[in-house]
Undergrad: 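Before we start, here is the structure in question, set down as structure tokens.
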Number of protein chains: 2
Amino acid sequence: MILEEIGRTRGHPSASDVYEKVRRRLPHISLGTVYRNLEVLSSQGLISRLDMGSGQRRFDAVTDDHHHIRCLVCNRVDDIRPSANAGIDSIKRDAEKIAGYEVKGFSVDLYGICPRCRSGNTEKVIRDDSRKNNILRK
Amino acid sequence: MILEEIGRTRGHPSASDVYEKVRRRLPHISLGTVYRNLEVLSSQGLISRLDMGSGQRRFDAVTDDHHHIRCLVCNRVDDIRPSANAGIDSIKRDAEKIAGYEVKGFSVDLYGICPRCRSGNTEKVIRDDSRKNNILRK
DNA sequence: GTAATTGCAAAAATTTTGCAGCATT
DNA sequence: AATGCTGCAAAATTTTTGCAATTAC
């Protein structure tokens, strides 16, 4: 059910976003269980974890190769499906040759200002919807 | 002095790593001050923040374009200086055209197993040195 | 009946912040 | 004197975990 709810979301929910969503169907579920299952799902590759520095980890049901961009103002995260994946392979090779790593995965994250925030919506949303103090910072 | 200490480190210290380092020279400095200054420094572009999901944010004194790779076992973070930066520009363009973002920055992060951990050193270091329980997880 | 999973609560870990005092100009 | 920074401590936030109870097989 956790997997279902993540899949149903277009966005990139945090653990507590997932908790809120699932709780509508399983009112007695606990946050600990959500965390434990997110861990299992991501270690099985059924979801992926995003760490883009908005304060919380995000989760993504779409696990095929694509990139992410986070709005520096409102913290929303969107997908980028690149027309060509060029370049990454050469970076991987560099990591293997130069640093001696066995590369297991990668992520390409961009930061910027989303269209919504560029056009006047200048409220600074620091955290996601699950936080208590949401719209703040001047 | 915080900036100096980050610059002196080859690695990618966390806030509390920085705190420990600076404390050797300013024994009375507080962790809050370290956080506040890391924030200032990074907002001025003098250092950069890394969010690679090892549990803590890392900081990097080297702010020119390069990529990072984190060892999934020991959590060390190394630099990758790609021979060519190919591909990123096209991803940026995609973000701007498709998602309508104004792109401010990007990061390319890889994950894998570092040489040290590949060759026998199989201790699982979950957190960095500043944590209390460092070597754990089975 | 055994093993796995859960809820609950507490702990742990990281980051932020209020405030009084110290420093700087 | 006014402003800004700091130390300290507490709070806020996110994530993990111990354990008894429940559920699944």
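So that the names make sense, note that chain A is the first sequence line, chain B the second, and so on, each numbered from 1.
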Undergrad: Taking atom types as modelled, find out whether B:H67 and A:D94 have a side-chain donor-acceptor pair closer than 3.5 angstrom.
TA: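 Side chains of B:H67 and A:D94: no pair found under 3.5 Å.
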
Undergrad: Would you say the side-chain atoms of B:D17 and B:H12 include a donor-acceptor pair closer than 3.5 Å?
TA: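 Result is no, nothing qualifies.
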
Undergrad: Using whole Å, what does the distance between atom C1' of nucleotide C:dG7 and atom CE of A:M1 come to?
TA: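 Computing the A:M1:CE to C:dG7:C1' distance gives 16 Å.
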
Undergrad: Which whole-number value in Å describes the distance from B:Q56 CD to D:dT15 P?
TA: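 Going from B:Q56 (CD) to D:dT15 (P), I get 13 Å.
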
Undergrad: Using whole Å, report how far CG of A:L38 lies from C1' of D:dT17.
TA: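 For the pair A:L38 CG and D:dT17 C1', the rounded distance is 16 Å.
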
Undergrad: How close or far is atom P of C:dT15 from atom CG of B:L50, stated in whole angstroms?
TA: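 That distance rounds to 12 Å.
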
Undergrad: B:Y19 OH to C:dT15 P: how many Å, rounded?
TA: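 Between P of C:dT15 and OH of B:Y19: 15 Å.
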
Undergrad: Is the distance from OP1 or OP2 of C:dT16 to the nearest side-chain N or O of B:Y35 less than 4.0 Å?
TA: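 No, outside the criterion.
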
Undergrad: First locate atom OH of A:Y101, then atom CG of B:D78, and finally report the distance between them rounded to the nearest 0.5 Å.
TA: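 Result: 3.5 Å between the selected atoms.
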
Undergrad: Take the protein atom CZ of B:R57 and the nucleotide atom C1' of D:dT15, then report the distance between them rounded to whole Å.
TA: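 My rounded result for the distance is 15 Å.
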
Undergrad: Not counting sequence neighbours, which residues clear side chain to side chain donor-acceptor pair (under 3.5 Å) with B:R93? List them please.
TA: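 With sequence neighbours excluded, B:R93 shows a side chain to side chain donor-acceptor pair (under 3.5 Å) to no residue whatsoever.
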
Undergrad: Same hydrophobic cluster for A:V77 and A:V18, using side-chain heavy-atom links shorter than 4.5 Å among ILVMFWY?
TA: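 Different clusters: A:V77 never reaches A:V18 through Ile, Leu, Val, Met, Phe, Trp or Tyr contacts under 4.5 Å.
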
Undergrad: Would you please name every residue forming a salt bridge (Lys or Arg N to Asp or Glu O under 4.0 Å) with B:R25, sequence neighbours left out?
TA: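 In terms of salt bridge (Lys or Arg N to Asp or Glu O under 4.0 Å), with neighbours along the sequence ignored, B:R25 is linked to B:E4, B:E5.
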
Undergrad: Can you check the B:D17 CG to C:dT14 C1' distance for me, whole Å?
TA: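 About 13 Å, once rounded to whole Å.
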
Undergrad: Between N or O atoms, less than 3.5 Å apart, protein on one side and nucleotides 5-7 of chain D on the other: list the pairs.
TA:
from	atom 1	to	atom 2	distance (Å)
D:dT6	OP2	B:N37	ND2	3.4
D:dG7	OP1	B:H28	O	3.2
D:dG7	OP1	B:I29	N	3.4
D:dG7	OP2	B:S30	N	3.1
D:dG7	OP2	B:S30	OG	3.4
D:dG7	OP2	B:T33	OG1	2.4
D:dG7	N7	B:R36	NH2	3.0
D:dG7	O6	B:R36	NH1	3.3
D:dG7	O6	B:R36	NH2	3.4

